[in-house]
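The basis for the numbers below is simple: all heavy atoms, side chains too, and nothing from hydrogens, waters or symmetry mates. Proteins come first, then strands; the chains are lettered A, B, ... in the order of their sequence lines, and each starts at number 1.
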Amino acid sequence: MELSLFGDLNQRNVVNSGGYPIPANFFDAFSEMARQIWLLHHLTFSFDLEALIFEVKKGCRFSKVYMESVTEDAFLSMENPQVSFTVVPRFPIANFKSAFTLEDLFLTQGICEKTRNSNVPMSKAENITDIFEISGYLKMLQRLEAVKTRGVSYSNITFPPSKHFTSSSNVINFKQLHAKLIRNGDMENILTVGKLVADVAISNPANLSYARLIFSNLKYPPNIFMWNSMIRGYAHSSTPKEALILFLEMREKGYSPNNYTFPFLLKACNQLMDLNLGLGIHGIVIKYGFEDCDVFIQTSLVNFYASCGSVQIARLLFDRCLQRDVTSWNALIKGYVRSGRYMDAIRVFRAMQDRVDIEVDEITLLGVVLACSQLGALEMGRWVHAYIEKSRMEMSMNLGTALIDLYARCGSIDLAVNLFKKIREKDVRTWSVMIGGLAVHGLAKEALGFLSDMQRDGIDPDSVTFTHVLRACSHAGMVAEGLRFFDIMSEVYNVEPTIEHYGCMVDLLGRAGCLDEALGLIKRIPYKPDVVLWGSLLVACRTHKNVVMGEMVAKEMLKLDPNHCGAHVFLSNIYASVGQWCEVDEVRNSMKELGIKKSPGSSLIELDGDVHEFVAGDQSHHQTNKINMMLDEIARLLSLEGHVPTVKGIPYDIDEEEKEQALSQHSEKLAVAFGLINTKQGTPLRIVKNLRVCEDCHSAMKLISKVFNRLIVIRDCSRFHHFSGGLCSCKDYW
DNA sequence: GTAGGGTTAG
């Protein structure tokens, strides 16, 4: 696309490409708000030559400079040369070339030397805003107004209360204080008032409007401290967008942000999960030269990108940081965890330990524990536990809770219970994690026992606790108990059922075969049923082979999400299980047309501190030959035990032998074979699987546990199965 | 005078 030279502000593309192509859809990637911020800060600025050189000398780096196309001769013959150009700061977007300075540009155009020789005095410019002259300023104001009144559609997001609002100070107290200041004439003292605004703004989101009232009715202009305080208040409130609007107002009034402003702004972008907005803020950070010198801002950026799912950018920035402290490392570790890159999180942790200047702290370990629990890496988790004890670090309630969760998620419920008993201080989360752990292990009676203990300790169950309690009932087939808890949670404990609780109930009824009741419940709930909720019923339809209802449910799901892979696969599986191969073909063809691929089954197994991943049919592991031999051996021994592969769920109209072949390559079987080869006789095998265990693998695992005399623990996406001596802890109810 | 990283379900 041909871009105009100095475009009208109303046009989307205001820049000339100066030799480097700007992607035509560049501005499409921006949300409206980001665009406002971006435009406000990156428009065509008129610099005089002094200012230009000033910027260059300050080391300001730009990724692009777009100059008015005057010829060199014309430029040099001007009496008072004015260069109009647009700057785009260094910016981590793939299409952008790496940074270069104005000096580079001038050198390439052969005028740098000449301007240097002209001895232009470096005088007037005090700061960047002094020398910027934003053209089209009034138009910008109009556009800002439009954004403010139109609003951006964040209203449906709810935000948890922030940890920053620890004080529950009643607004009345602040009003009294305010009145006192007025009476004593202290409102003239900008420092005192600043403190008041800051305190009120951060005390409680509910007090923000009062803080704003003080802030807006001052007899003198607020200082940057007050602006920051207000922005901080909004950044941590349920309306973080206000922080950015306030920032725009601040800029309109001619204030420059300082180093304190940016962490608050990035916090707001983080809350809004708006990548484009943060990109805009990042641009401003660079413009003000903070990117390379402020560790707080750098960490805020790392954290922001990581939270918004751009962990690669976070890593890029992290690697480029001049200063890194424990918080920066923690932000990166958490970023990897949030993005599901657990092994990377652990790699970063290991690299961190090699650093003599960085000391691991509780938050680091929390991140690592989280990664381990997702990976099912029990040994690594135990190592963290030992590390805490060895380093005499205090086992805080948070860390204890995370570790209990880890043990439970890694299949070691005994270790979880032991640790739970040792921890003195417990809150509702500690209890909930314990109850949840017992629930997924199918230990419903024990879970309910802990629920009573918890109440005896004076702690009331919350919404999450009840999710676990209902799930415990569901896994154990305790329908009556589940229904009872569902009733009393709102009646007695004032916990209103959420869609998750309804999901548990659908699951509970569905598993128990009460499909009509489950469907009835879905029709009665006060929420719009979502894909997850229908999904629970769909699983039940498959288990109980109700083709008619299953078909209806899958179609409902596809109405909500036409690309829902699970619904397609279940539909195909349902047809396959009753031999309706034409319908199977139809579903598979429509999947092909829509470009949907079934996510492959994947199993993880930890060996000597390393996690090995196996994908169904995977032949890429370096021990593949040995694994295949072991699989043959398993098949031989199992057939001696009378095992006949259950091929019903296989969604292909292929011959029986091929079906058996497909089954034998399920990821958990590969992982078990690998485990059997590489561990000593009697060592338990712990496997984490991303999907549900299929019927054939389930019965095979029972027999493998018997024939090889091993405890096999498999965590699938819904619960644990402990296979031992030919039986499974789920009692075949899953 | 102000700042960055934090635990439970789905």
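- The cationic group of A:Lys426 lies under 6.0 Å from the six-membered ring centre of A:Phe420 and within 45° of the ring axis, placing it in a cation-pi geometry.
- Across the protein-nucleic acid pair, A:Leu317 atom CG and B:dG4 atom P stand 18 Å apart, rounded to whole Å.
- At whole-Å resolution of the value, CG in A:Asn270 and P in B:dG6 are 8 Å apart.
- Taking atom CZ of A:Arg471 as the reference point, atom P of B:dT8 lies 15 Å away to the nearest angstrom.
- Using a 4.0 Å cut-off, some side-chain N or O of A:His236 falls inside it from OP1 or OP2 of B:dG4.
- The side chain of A:Arg324 places no N or O atom within less than 4.0 Å of a non-bridging phosphate oxygen (OP1 or OP2) of B:dG4.
- In this structure, a donor-acceptor pair under 3.5 Å is absent between the side chains of A:Asp186 and A:Thr192.
- Counting only heavy atoms from C-beta on, A:Arg232 has its side chain closest to B:dT2 among B:dG4, B:dG1, B:dT2.
- Checked against B:dG1, B:dG4, B:dG6, the side chain of A:Ser328 finds its nearest nucleotide in B:dG4.
- Distance from the side chain of A:Ser432 is smallest for B:dT8 among the nucleotides B:dT8, B:dG4, B:dG6.
- A salt bridge does not link A:Asp487 to A:Arg484: none of the charged side-chain nitrogens sits closer than 4.0 Å to a carboxylate oxygen.
- Here the side chain of A:Val433 is nearest to one of B:dT8, B:dG6, B:dG4, namely B:dT8.
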